[in-house]
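Have a look at the structure below, then the notes.
All values below come from the heavy atoms of this structure, side chains included, with hydrogens, waters and symmetry mates left out. For reference, positions follow the sequence shown, starting with 1.
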Amino acid sequence: MMIFLIASLLSAVFFGVAVLIESQLSNRTFKHPTTMIFYISLMNAVFLPLVLFVGLPTIPSVWAFGCYVILAAIDVVYLYPFYMSMKVIDTSIVAALFSLGKITIPFMTFLLLGEKLFLEQYIGFAIIVLASVALSIKGNRVPKLNKAFWYMLFASFLRAFYVVLEKYVLEIDDNWINMVIYPSVISGLMPFAFLLFAKWRKDIVKNFPPYVHQFGVFAINEFLCFIGGVCVVYGLSGISAVVSTAITSTQPIFMLAISYFLLKKYGIPLKEKISVQELEKKLFCFVLIILGVILVTAG
């Protein structure tokens, strides 16, 4: 049990670093989200052969393969509102807003997986979601929610459904190696459909030189995503979708810590406000998120 919890926690670390890299690329290199999605997906399958040292894939059933296609489509579609949000607010807040979709997970896990939660787990989820909403509000007053909230509301619901469907397929296909390989390969091919649209194709071709220039950064990002993906799938194979998603809610905490270290140690500025007032607010919300995670995992 503990090794699956540790794997889920490590996935939050690896994905946290990857999100910081993608934030820089999205805000400084590619202006249009579809261009970013196209180039970020090109290396989806590059590191997949490494997983063959751990286990071998099998041929899935038609039903399971159809689920893998749906998972791959979600992997592509959610990136659009995700990258749009990065242009609006701090990266760690974007990551925290992924917790919004968790409000639907108890309902979806009950319908698809037959899982039931204890009272403290419902309370934990409520704390995680409320802390995430607080992070998206500007200032100390209660203003209207900014547009990043609505972008991430859509993206987070997609990712919440993704995790529950992922757990469902892991149970019916019974091979976590398949979950690592099939969605990655399929989602890497889907963005080529963007080339059918003249406006998107023109921007993709225009930005090929910047992609080549930043190729090393994309390779590092993909390796981090690969390791994070392996960790999260392996963790999910041994724990419930509820516990897995609660643990990965800690991702913005690692992101804030890394951002603070890079700024103070090396003077590298990231899209992250770390003034005293902002730090106090974020740290308070992150403490609440940790409390929510403890309640969910202890249930």
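One hydrophobic cluster, built from ILVMFWY side chains closer than 4.5 Å, holds both Ile40 and Val212. No continuous path of ILVMFWY side-chain contacts below 4.5 Å connects Phe254 to Val287, so the two sit in separate hydrophobic clusters. Met36 and Val205 are assigned to two separate hydrophobic clusters, defined by single-linkage of ILVMFWY side chains at heavy-atom distances under 4.5 Å. In the hydrophobic cluster analysis, where Ile, Leu, Val, Met, Phe, Trp and Tyr join through side-chain heavy atoms closer than 4.5 angstrom, Tyr68 is grouped apart from Val62. By the rule that hydrophobic residues join a cluster once side-chain heavy atoms approach within less than 4.5 Å of another member, Phe47 and Leu52 end up as members of one cluster.
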Inset, instruction - Might you work through the side chain to side chain contact (heavy atoms under 4.5 Å, CB included) test for Ile6 and Met2, ending with a clear yes or no? - result: CA-CA 6 Å; Ile6 293 173; Met2 182 58 66; 3.9 Å; yes
Inset, instruction - May I have the step-by-step check of ring-ring contact (aromatic ring centres under 6.0 Å, His included) for Phe82 and Tyr151, ending in yes or no? - result: CA-CA 7 Å; Phe82 177 53; Tyr151 285 139; over 10 Å; no
Inset, instruction - Using the side-chain hydrogen bond (donor to acceptor under 3.5 Å, both in side chains) rule, take Thr35 and Asp203 through it: C-alpha gap first, then chi angles, then the decisive distance, then the call. - result: CA-CA 7 Å; Thr35 303; Asp203 196 67; 2.4 Å; yes
Inset, instruction - Might you work through the side chain to side chain contact (heavy atoms under 4.5 Å, CB included) test for Ile204 and Tyr39, ending with a clear yes or no? - result: CA-CA 8 Å; Ile204 289 171; Tyr39 284 118; 3.5 Å; yes
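Residues Ile127 and Tyr122 fail the side-chain proximity criterion, which asks for heavy atoms closer than 4.5 Å. Side-chain atoms of Asn178 and Ile59, non-hydrogen and from C-beta on, never get closer than 4.5 Å to each other. For the pair Arg159/Asp75, a side-chain contact is recorded, criterion being any heavy-atom separation below 4.5 Å from C-beta on. Using a 4.5 Å heavy-atom threshold, the side chains of Leu5 and Ile239 count as touching. Counting only heavy atoms from C-beta outward, the side chains of Glu166 and Ser244 never approach each other to under 4.5 Å. Looking at Phe4 and Val243, their side chains never come closer than 4.5 Å, going by heavy atoms from C-beta outward. Leu50 is listed as a side-chain neighbour of Phe223, based on a closest heavy-atom distance under 4.5 Å. Side-chain contact between Phe15 and Leu224 is absent, with no heavy atoms from C-beta onward closer than 4.5 Å.
Distance CG/Leu79 to CZ/Phe38: 14.0 Å, rounded to 0.5 Å. Distance CG/Leu236 to OG1/Thr248: 9.5 Å, rounded to 0.5 Å. Interatomic distance, Cys67 SG to Leu170 CG, rounded to the nearest 0.5 Å: 11.0 Å. Here Phe286 contributes atom CZ and Gln251 contributes atom CD; the two are 10.5 Å apart, rounded to the nearest 0.5 Å. Remark: Ile37 CD1 to Glu22 CD distance equals 10.0 Å, nearest 0.5 Å. Residue Ile290 holds its CD1 atom at 12.0 Å from CG of Leu295, rounded to the nearest 0.5 Å.
Of all non-hydrogen atoms in Tyr162 and Leu71, the two that sit nearest each other are CE1-O, 3.1 Å. Heavy-atom minimum distance, Phe226 versus Leu48: CE1-CA, 3.9 Å. Nearest heavy-atom pair across Pro33 and Tyr83 is O-CD1, 4.2 Å. Closest approach of Met43 to Glu222, counting heavy atoms only: O-CG, 3.0 Å. The shortest heavy-atom contact between Pro81 and Val77 is CD-O, 3.3 Å. The two atoms that bring Thr109 and Ala241 nearest to each other are CG2-CB, 4.0 Å, heavy atoms only.
Within a 6.0 Å radius of CD1 in Ile3, other residues, nucleotides and ligands contribute 12 heavy atoms or fewer.
In terms of modelled atom types and a separation under 3.5 Å, the side chain of Ser11 and the main chain of Ser8 share a donor-acceptor contact. Judged by distance alone, the side chain of Lys167 and the main-chain N or O of Ser240 form no donor-acceptor pair under 3.5 Å. Of the possible donor and acceptor atoms, none in the side chain of Asp173 sits under 3.5 Å from a partner among the backbone N and O of Asn175. No donor-acceptor pair closer than 3.5 Å links the side chain of Asn221 to the backbone N or O of Val217.
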Distance-only donor-acceptor hits, side chain of residues 182-201, under 3.5 Å, sequence neighbours excluded:
unit_1	atom_1	unit_2	atom_2	d
Tyr182	OH	Thr58	O	2.8
Ser184	OG	Val180	O	2.9
Ser187	OG	Asn44	ND2	3.0
Ser187	OG	Pro183	O	2.8
Ser187	OG	Ser184	O	3.2
Arg201	NH1	Leu195	O	2.6

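Taking the six-membered ring where tryptophan is involved, the planes of Phe215 and Tyr211 are perpendicular, since the angle between them exceeds 60° and thus also 30°.
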